[in-house]
Structures are given as structure tokens and as C-alpha cells.
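Note that the coordinates shown come from a computational prediction; the quantities given were computed from them, not determined experimentally. In what follows, chains are A, B, ... by sequence order, proteins preceding strands, each numbered from 1.
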Amino acid sequence: MSMGRRAPLVLLALGTGACSYQNYQSTFGNAAIEARQFNTLFVIFLVVCAVMYLAVVLFLFASILRRRRAGEANVVEDGRHHLSSPLMRSALIGWSAVVVVGLIGLAIASFFADRSMAKAASGQKLSITITANQWWWDVQYNSADVSKMVRTANELHLPVGVPVRIFLRSNDVIHSFWVPSLAGKQDLIPGRDNDITIVPSKVGIYRGQCAEFCGAQHAHMALVVNVDSFPDFIKWWQHQLQPAQAPTTPEAVAGYNYVTSRQCGACHSIAGTPASGTVGPDLTHLASRRSIAAGTLPMGQGNLYGWVADPQSLKPGVHMPTIGLEPAQLHAVVAYLETLK
Amino acid sequence: MIPAPRFTGSVAELPTTKFGSSSLTWWGIIGFMVIEGAGFGLSFAAYFFLMGHEQGWPPEGRAAPNLLYGTLFTIVILLSEIPNTIIKKAARERDVPTIRALMPVMIIAGILLLVIRGFEFNNLNCRWTDNAYASIIWAILLLHTIHVATDWTDTVVLWALMMTPLGWEGRRLVDTDENSLYWRYVWLLWIPIYLMIYWVPRL
Amino acid sequence: MTDVRAATGWTTSDSELERVREEDERLARERTKIARDGPGLKDAELAARLDRTWRRPPGIIGWLATVDHKEIGRRYIITALMFLALGGVLALIMRLQLAEPGNNLVGAQRYNELFTMHGSTMMFLFAVPVMEGVAVYIIPLMVGARSTTFPRLNAFSYYMYLFGGLMLWGAFVLNIAPDVGWFAYTPLSGPEFSPGKRSDVWAQMITFTEVSALAAAVVLVCTILKARAPGMTLARMPIFAWAMLVQAVMIIFAMPAIALASGMLISDRLVGTQFFNQYEHGDALLWQHLFWFFGHPEVYIIFLPATGFVSVITETFCRRPIFAHTIVVLALMSTGILAFGLWVHHMFATGLPRVGYSFYTAASMTVAIPTGLQIFCWLATMWEGRPRFEVPMLYVVGFIITFVIGGLSGVIIASVPLDLQVHDTFFIVAHFHYVLIGGAVFPLLGILTYWYPKITGRMMSDALGKIGFWMVFLGFQLAFFPMHFSGLLGMPRRVYTYPAGLGLELPNMLSTIGAFVVAAAVGIFVVNGVVSLYRGRLAPANPWGAPSLEWATPSPPPAYNFPHVPVVESRTPLWDTGPEMPVLTGLRVDEKEMLLTTVVAAVPDLREPIPEPSLWPFISSVAVGVFFISSIFSPWAVPFGAIPCTIALIAWFWPKEMKRTPEPVIS
């Protein structure tokens, strides 16, 4: 099933670029070692459970459809309701044995899969810290060299075949990091240090979503994961290290002035500008991302307009206030934001 | 068709009063004890769970609760078991005069205990809003205090009843016996609480 | 002077001891004149006098003051079915919203209130109370008693339940419904992230329903252990009574966990404690541990009575007792015990040590074994017997086909790597609806059809019953099977919408259609229930030819249940007793009295007076209700609110007649 469904979707994603980023969010995605092992284990469980279910249903229908000649059943009408057949008593023992053996087998399979996932994720790892907030993902690529650290939001780029260890923190309530095509989920709990290790195995674009109810806009807390070839990943990283381009057109300059002198910089940071707030997403390379507001809207000029003008109507309760910009200011700001590639 | 009755005997000579596990209210009280016990057990689990996160206990190097009032409470409540046992025995022997005389002793002991408990709260060396350690010890102490207070109220009401002619009724004597049983539960429960609040931080 | 003191009875003197002795002798003489049932007083004359003694006064006062377990049980069932309908309507609205991606029928905030109200209503206001209600109605009849033990406590438990439900739904109407999920995880539900009173309303609803459930549990445990008919040893006790006994003991151990947790939550929110605040040495996970320590047994608290229903129906309609009775009883007990060791499987994604998780995987798989054994025993009973597929038996078949799917998806999620993918997705929603609707609601619909003639004196419509069954069974599969796929395709829970292009459109649309089919089926069931009250065929005492004692009474039973004390000699009394049933006589006729027997061997032990109808349970629950609700708003409500509660409870306990009587009377 998965092969036939997946291929056209991924091709569609790669082929049509920005507007089809949100294509792939399935536990059958098979795009990492962990996801593949999930699939194998799931199929084993499914087969064993299906066999058990079949046994129950067959027994049920046999009992319903069984032809009982007069006086053959152990029923009260024949005064035999206290009797039971030795066949059934043996069958009880056999049934219990099958159930116990089946469950032990499944438990062992589960333990082995768990250990094998843990082992697969050994070796040198890329290190990322994700801090969850209501309702966006603060992503930081860690490095021993501080000048090589990258901060972005709501989007990950990962090199294929390289284990990545993601440290999971939360600034407010409990969230859960889940990219089904790659791996199972792990919660981000305030006051706790969790982490998850993933080894992506297939280049492509995948979507993840917060999987622990975290308040009003839990449904709009998605993230995009781009699994790139190693050279492409390095290129992306180098690009992310660049500060924001200086605006050139007059409108973009006006937008730059607005953004860096008004409230925007209090929450957002844009590298290479005075804007250095950390309570909101980093915007340095905003326009290179595939979505706005953690998967609420696809990236695009119209959506940027809508978001900047009135975030509260698009994502009610979000912590970015609706400011009420003048039209000229709005055009300027959007023009500037579009330069932040 | 409802089967016709075939008379096989009579229960008319059975008593209407028995002590211990034949009494229905005994089962009710045991049920209540199990419920409260489960609640306390879980609060103890919460206490140790929170403690497991910490290097020092109380956290932040604060002082442990003052030992004096907790120990005083423990001594008084253990001593109160003496009149309590006498009352329980008297109930089974229908010795109403003894019950009428000794219950005021239990009532005074209860008042004394509640006063000491007030001092205990004041000398925990923390306020419930300080941190989770403070919150859990205040919570456990408060839950136990509610038990002392409700059993004290029960004892007052029961004493009032015992002073009337109804005090000679079997049911009231069973009530007295079971009230004494419940008091045992109240101080038995206190012992682990005392150890947890006052001694565990000092280990 | 001496006379005054003697008259008030406030002293003890030799003359008083003499007076007490004389009083004892006088009462003993009067005792011999008391009317009791027996060969001299039986049939119609006995019935008339017992009826006069046991019938409650008419009118609103009598209605509020009733202590009749049958009346209280009916109220529980009807109230629970109303909450089922309300919770179901919420589900339909949610399904309409989710029918299409990017829908805007309902916004995020309202949707969050809807799923919180739906889950809380179904779990706390429907599932547990309906089981309690059925048990409260039928257990005394099934064990041969005239009443439950502690009938006033029983009445109190119903009022607490009702008031808790009214408070929650009142809050919804007033637009302060809780919106943090039925499980209210901290810190989201704490003071910082849930301002206002919504989460406090939720926490206090818990307090109401948990007090109610605990009270009902004590009533049931005491009734089952102490009020059984002579000769009904534990070995002869019906499986349904075992199921309720285990369930009630589970309630006693599990509910305090959520009482403690919700108390801690209110206290964090109202008076500034720091239980769940990680910045002050608290822990958000403390909530999850306490909640799920309750939450996992809770689902077995709902499921075990349903297995009791299945055993009852299967016995009657396969015309034989359950195969391997002892194994089934042991399975019930081991399920009840094991259920307490599984709770961490709800927390596999929280990052606790993996090696600890292995224990919970093993335990979660182990709990499937006793249930699997019960299933075998039901199927073996069908095989050995001669099944008749009346409507209740159809529900048993539907139960087996549906519940086992849920049980097996449960085995799947017991595995940590598998759960980490499907946790908090619609796969879980599918799983628990399969086990709760398949495992509890189908047996419930079957048992309501089965005991309807006993409760109302009429039969439900067979045709409507069959239509309703097929609609609910097929509609359920349509509604919930696709959710396995939605979950596996990446749809998390508790989302008010989802994006297009993930393949979620088809499963969601199918689920929505199925939900409406289920709603229609429930509607048909209700219509059947209401119309049959007036138009149903009149029911005899034992329309199904069933074996247990509740069928040895008229339909519906008189206020006093049994005119004499039945004596039981087998597990299936009505199948083994012939045209005559042994009885014991000697209980009072003109005052309410029941027989208590010993716990294991059911030897007659004690005669216990049963209280007259009393308003004090109602008044107490009003006082306690005011206490609970006002303490949402101020901590001062606690000391001040405790005063009316204390007064009401003392008045409840205080004897209304201050003179001694030959036999005890509770007025």
C-alpha cells in the first residue's frame, strides 16, 4: 500500500515546490530507520492479532450455526445445564496457551524492535534543540562553535543517513513532537529534558504536528521537515548562517525601518538587524520557509499580507497581536519580509 | 410463573444487634477507611515522588518542621487510646455509665489535639505557597486534621445520644464501639504521617 | 429532684439501672406481639401489609425522600441516558466540523470545549453512573434482598451525581465550560494557562461524581457481601454480582486518586499551592501519574459490569450457566487487580525510563489474558447451549465482534514503539471507542432490553429492537473503523481541523456519516423505550425463562421485592427449584426490615432495620453541593460551607424517635 500511495505524493511535493510542502504525514512514510521499524513491527502485530480475531470470529460463527440435534445441547430444557463437554474444557486450555504464547511473542518482538531502534541511533549525531511554545516550534541547531549555531522556526532540514539527536524543551505547557514519516513521538514537558534520535533514510519533504493538546491553537502547530542530501544540507546550513539581506527597494527599506523600530523587534529576531526579540519565531530566513505560523498557512505573498495584517483572525489566541497597520505600512512590511530568503 | 413458597424456617429469633463484622455499619466504616487509606496512600506516594526529584529535602535548604508540636500531638493522641479502649470495651459490655463518663475525656482530648494541630501548622517552617514540598505537607496535615475534626464531631454527637435513654439501645452501643474503632484508625494513620513530615526530612 | 434528673435521663444511678432492666423486659414482651410473615401471614394479605410499610409517601416530598433502590436505580439510568444523548449531540457537532478539511462550522475555542464536554460527560456522567444505576436497581433483586444496604446513602449518591452533572452543563450554558480535555493535563489546566473558572468547574464536577461513585460503591459492596439470600454462598453468587463487587472495590481504590489530583489542581489554582509547578519543585507529570492511576482502572470500572451483563444475557439465552463459572470469576478478579498496574502505558511518550516502560508493556499485555478467557467462556457457553437470538443476545454477538477488535488494537498499543506513533492520534480514538462502545454500550443496550420488562412490566418492541441493533452495530463500524486509518495517516487528536492533501478526507467523511447512523440508532432505542412504556406487551414475572432470583418477583416488583426471604440452593435457582421455592419467614411486616447473612457462606446472621424515607440525603447533598460550588470561588467557602453540611449530616443520623422500641427502627 505505502509504495503506491507515497511515490506520486512525494513527486508532487518536489515538483510543485512551495505550495505542496504539506504532503506527507503518515506513519507508513518509511522515511527513517525508526519509521521503517515501526512498519515492520506493526505488520507483525497486525498479522498475529488478525489471526486471533479470526479464531474468535470462527468460534463465534461455529457456535451460532452449529446444528444441535434434539437432546444434544447441555441446556436447562433437557436438564443438562450443569454438564459441559470435555472438548470444551481442553479447548479452554488450548485457547489460553495460544493467547499466552501469542502475547509473549508480541511482547518479545516489541522489546527487540525497541532495542534495535535505540542501537540504530548510535554514532556521531547532529544536535538540535527544539523548544515548544504555544503554538510554534523554536528550532536551534547546536554547535560547539557558537558562530555556527542556527536558529529558525517551524521547519527542520536534516541530512539523510545522519543520526540527529533532538533535545526537546517546552516554555509553557506540554507539547509533543511528531513527524510520523520519520519516527514516533516524544513529549516536550516544561521542567523536563527529553530527547529523540532519528536517522532519516529518504530524501523528501515531510510534515509533523504537535500531538499533545496544548491549548486553543493546538491544531495549528505543525512543522515541516526537509530531508536533504548531505551536500544540500550543508548548503542550507551555510545559507542560514548568513544574516538577513539588506533591503534594496524603497518599499522594502520602509518595511525594514518599521520592523526594526516598532514592536516587531521586541518579539522577533532578524540576524544582522536591531530586531532581537526571542519570545517569537526567528524571522531571518522567513521567506525561505514553506509555511507561516507553524503550518497555519502556506508561505506566499497573499498569506503574508493576511498574517501580518490580522493574525488573530487567522489563528485566534495566538500570542502575536493584531496591530492594525496602515495600508502603506502593511505593504512595506510584507515587501521587507519577502526579502528575508 | 413465580414459584410458590415452601416454608423452611424462621429468622425471627435472630438478633438485631451484633458487634464487629456482623454489623452492617462496621462494613460501611471499613469501606470508608479503605477509601481514606487509598487517598492517604496516594498522597504519601506523591510526597515521595516529589522528594525523588530533589537533592535536599526540604528543598532549597529550608528548615524541617519544628519537632516539638508534632511530637506533642503524637503523645497526646497515643495517650487518648487509653480511654478509647475502655470505652470500646464498655460498649460491648453495655456499660453505659462508663461510656457516659469517659466520652467527655475523649472530647477534651480532641479539643486539645486540634489546638496542638494549630500550633503544628504554624510551626511547619513553610507556607503552602512556597513550593511543592510545602504544598504536600500542608495538604497531608490538612487531610488528617479533617479526620480528627470529623471524628471529634461524631464523638460529640454520639455522646449526646448516649446521655439519653437511647444510650442503652444495642444500635447505639454498636455505634460507640465503631466510633472507637475509627479513632484507632485516626491515630494509626497519624504515625506514618508524623514520620514523613517530621522525621524523613531529618534523615 | 430525683424525678427531674431521672426524666431527662442525664444521670446514671442504681434506680436508673433498675428502670433500664424493667424497660428491657417490657420491650421483650412487646417484641413477641410483632407481626411477622410466615404460614399464618402470607399471599395477598401479607402483600398488602408489606406494601403499606414499604411504599413511600406520594408527592414531591416523597419523591425527594425515597430510599427505594428501584426508584433510585431508575433515576440513575434515565439521568445517565440523558447525559449520553447530550454527549452524543456534542459528538455530532464535532463530526460535522471534521467532515471536511479546513471547515469553519465551529472555531478552535468552541471545539476544545466540545471535546472536553463530550469526554467528561461520557466518562463521568454517563458510563460509570449508568452501571451504578443498573446495579443499584437489580442487585438486591438478584441476591434476594428487600433493599440495598445504606439506602439513604444510595439516595445521596444519586443527588450528588445529578448536581455535579447540572453544574458542568450549567457552566457550558453560561459559556464557562472547561476546555482542557477530559483529562485536563497540567500545566495547561493550571492557573497560568487556564485563567478563569473553567478548569475549576471541571475539577469540582470530578469531586461531585467521585463522591457519588464512592458512596454507591460502598452501598454495593455491603449489599453484595452482607445482604445475600441464605444459601447464596459466594460460590453460588451470580457472575453479575461478582462483576459489581470487583468493580465497586476498584472504585474504592481508584477514585481517591482523581479526588486527590483534582483537589490539588483546584488548590494550585485557587490558593497558590505548587504541586504541578516545575519552577517551585513541583512536577507536571505528578498530575498524569495520579490521573492515570485512576484513569486506567476507570475504563475497567466501566467494562467489568458490561462483562457481567454479557454473562447474564448469555446464560439466559443459551439456556445454560456460563461455562467454567469459576474461571470467569477469577478472570474478573484478576482483571480488577491487574488494571491497577498499567497506568504508565498512557505516558509512554513522556520520556520516562525505557526499562520501566517494559514492565507496563508486559502488564498491559497480561491483562488481555483474563479477558480472553472470559471471551472463550462466553463462546463455549454458546457452543454448549442452544442460543436464541432475541435482541439482547444480538447485542452480545455485536459485543464480541466489536470489543475484540478494540482489545486487539489495545494489544498493539501496549507496545512502546507502536504506541509512540499512534499515541494521541485517531487510532487511539478508534481503540477506546471500540472497547467502550463495543465493550460497554452494546452490552448495556442489551441488558436494558433484557431487564426492561422487570423494571417496567412491559416488553420492548422486538422489531424496533432488531432495527436499532443493526443500525448501531453497522453505524458504529462505519463511524469508528476509518479512524484507525486517520490516525495512521497522521491525524492527531483534539484538533478542530486538519489540512487537505494528507488523505484524511475520506476516513473523516465516513466517520461523520457513521456517527449520524449511530445517533439515529440510539434515537430508535429511546423511542422504543418510551413507546413501549405505553404500548409494550405486558410482561410476566419471567418472560425470558431466566435462572436468577430477580425473575422470582412480579414485573415490576413490589416496593418490598420479596414477601418472604428466598433460600438459594444452586447457582441457577429458578432453573433448579421446581414449582416451589424454599423460603425463610420471620421478618417484621409493619416496620421495614431485611436479613443480613454471613459473607462467605450466607448463613442468616442479623435482622437489620431499613430506614424510612428521609429528606436528609437530599438536603445534605444540597448543602454539600453549595459547599463544593462555592469553594470554586473562594477558599472561605470551605470552613463556612462545612457548617450547613455538618448540621445536615447530624440531622440525617439523629434518631427521630427518642424512645426505645422493641425492635430498632430507623426513621
Side-chain angles (χ1 to χ4, degrees), chain B residues 1-18 21-24 27-28 31-32 34-36 38-43 45-46 49-50 53-54 59-60 96-97 100-101 128-136 138-139 153 157 161 163-171, chain C residues 9-10 12 20 36 38-39 42 149-150 214 218 221-222 225-226 252-253 256-257 259-260 271-275 277 280-283 286 289-290 293 541 552-554 564-565 567 577-587 595-596 604-609 646 650 653 655 658 660 663-664:
Chain B
M1 277 311 304
I2 301 176
R6 190 178 84 241
F7 300 106
T8 58
S10 171
V11 298
E13 294 310 309
L14 285 179
T16 53
T17 298
K18 263 181 159 180
S21 67
S22 285
S23 149
L24 187 59
W27 286 89
F32 194 70
V34 176
I35 291 170
E36 298 302 308
F40 273 103
L42 288 158
S43 66
F49 178 81
L50 291 170
H53 292 334
E54 303 296 326
E60 294 164 13
V96 176
R100 285 176 173 166
W128 68 91
T129 55
D130 287 342
N131 52 41
Y133 152 82
S135 304
I136 190 75
W138 272 80
T153 311
V157 170
L161 258 183
M163 294 300 286
T164 69
L166 282 184
W168 295 96
E169 286 243 309
R171 284 191 79 80
Chain C
W10 276 65
T12 317
V20 169
R36 300 175 188 279
K42 57 185 172 132
T149 54
F150 306 121
L214 284 167
V218 169
V221 168
C222 293
L225 289 182
K226 294 298 295 171
I252 287 171
F253 282 100
L260 188 65
V271 293
T273 50
Q274 309 285 0
F275 293 109
N277 182 358
E280 293 291 357
H281 304 273
D283 191 350
L286 176 62
H289 280 294
L290 285 173
F293 186 82
T553 62
H564 310 286
V565 176
V567 173
T577 197
E580 277 192 342
M581 191 163 74
V583 299
L584 287 174
T585 58
L587 290 180
L595 181 68
L596 299 181
D605 193 26
L606 207 62
R607 289 176 298 114
E608 178 79 10
T646 309
I650 293 175
F653 168 71
M658 292 306 289
R660 295 180 59 193
E663 299 261 84

(message) According to salt bridge (charged side-chain N to carboxylate O under 4.0 Å, His left out), who are the partners of E54(B), at least two apart in sequence or on a separate chain?
(response)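 Salt bridge (charged side-chain N to carboxylate O under 4.0 Å, His left out) check on E54(B) returns nothing, list empty.
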
(request) Could you pull out all residues at least two apart from D605(C) that satisfy salt bridge (charged side-chain N to carboxylate O under 4.0 Å, His left out)? (result)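 Only K18(B), K226(C) meet the salt bridge (charged side-chain N to carboxylate O under 4.0 Å, His left out) criterion with D605(C).
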
[X] portion near chain B, given a 4.5 angstrom heavy-atom threshold:
X       : value
T646(C) : side chain
H564(C) : side chain
P579(C) : backbone
I252(C) : both
L596(C) : side chain
L587(C) : both

(message) What's the separation between atom OG1 in T149(C) and atom CH2 in W27(B), rounded to the nearest 0.5 Å?
(response)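 Spacing of OG1 (T149(C)) from CH2 (W27(B)) equals 11.5 Å.
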
(request) Enter the distance from N131(B):CG to I136(B):CD1 here, rounded to the nearest 0.5 Å. (result) 11.5 Å

Under a 4.5 Å heavy-atom cut-off, does chain C meet the side chain of [X], its backbone, both or neither?
X       : value
A139(B) : side chain
T8(B)   : both
F49(B)  : side chain

Considering only heavy atoms and a distance below 4.5 Å, find which of [options] pairs most often with chain B.
options                            : answer
T585(C), N277(C), V271(C), T273(C) : T585(C)
V218(C), D283(C), L260(C), V567(C) : D283(C)
P39(C), A257(C), A541(C), P604(C)  : P39(C)
P554(C), G272(C), G282(C)          : G272(C)
A552(C), A259(C), G578(C)          : A552(C)

I need the residue from [options] with the largest number of non-hydrogen atom pairs under 4.5 Å to chain C.
options                        : value
A134(B), A45(B), S10(B)        : S10(B)
E36(B), E13(B), E60(B)         : E60(B)
S43(B), G31(B), G41(B), S22(B) : S22(B)
V34(B), I2(B), V157(B)         : I2(B)

(message) So does R607(C) get a backbone contact from the side chain of T16(B), meaning a donor-acceptor N/O pair under 3.5 Å?
(response)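 Flag not set: sc T16(B) to bb R607(C) has no pair under 3.5 Å.
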
(message) I'd like to know if the side chain of E280(C) and the backbone of Q274(C) have a donor-acceptor N/O pair within less than 3.5 Å.
(response) no

Provide the closest heavy-atom pair for [X] versus [Y] in the form atom of the first, atom of the second, distance.
X       : Y       : result
P609(C) : P664(C) : CB-O, 3.4 Å
P59(B)  : Y133(B) : CD-CB, 3.5 Å
F275(C) : L50(B)  : O-CD2, 4.3 Å
G167(B) : V96(B)  : O-CG2, 3.6 Å

(message) I'd like to know if R36(C) and E663(C) make a salt bridge, using a cut-off of under 4.0 Å between side-chain N and carboxylate O.
(response)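 Judged by the 4.0 Å cut-off on N to carboxylate O distance, R36(C) and E663(C) do form a salt bridge.
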
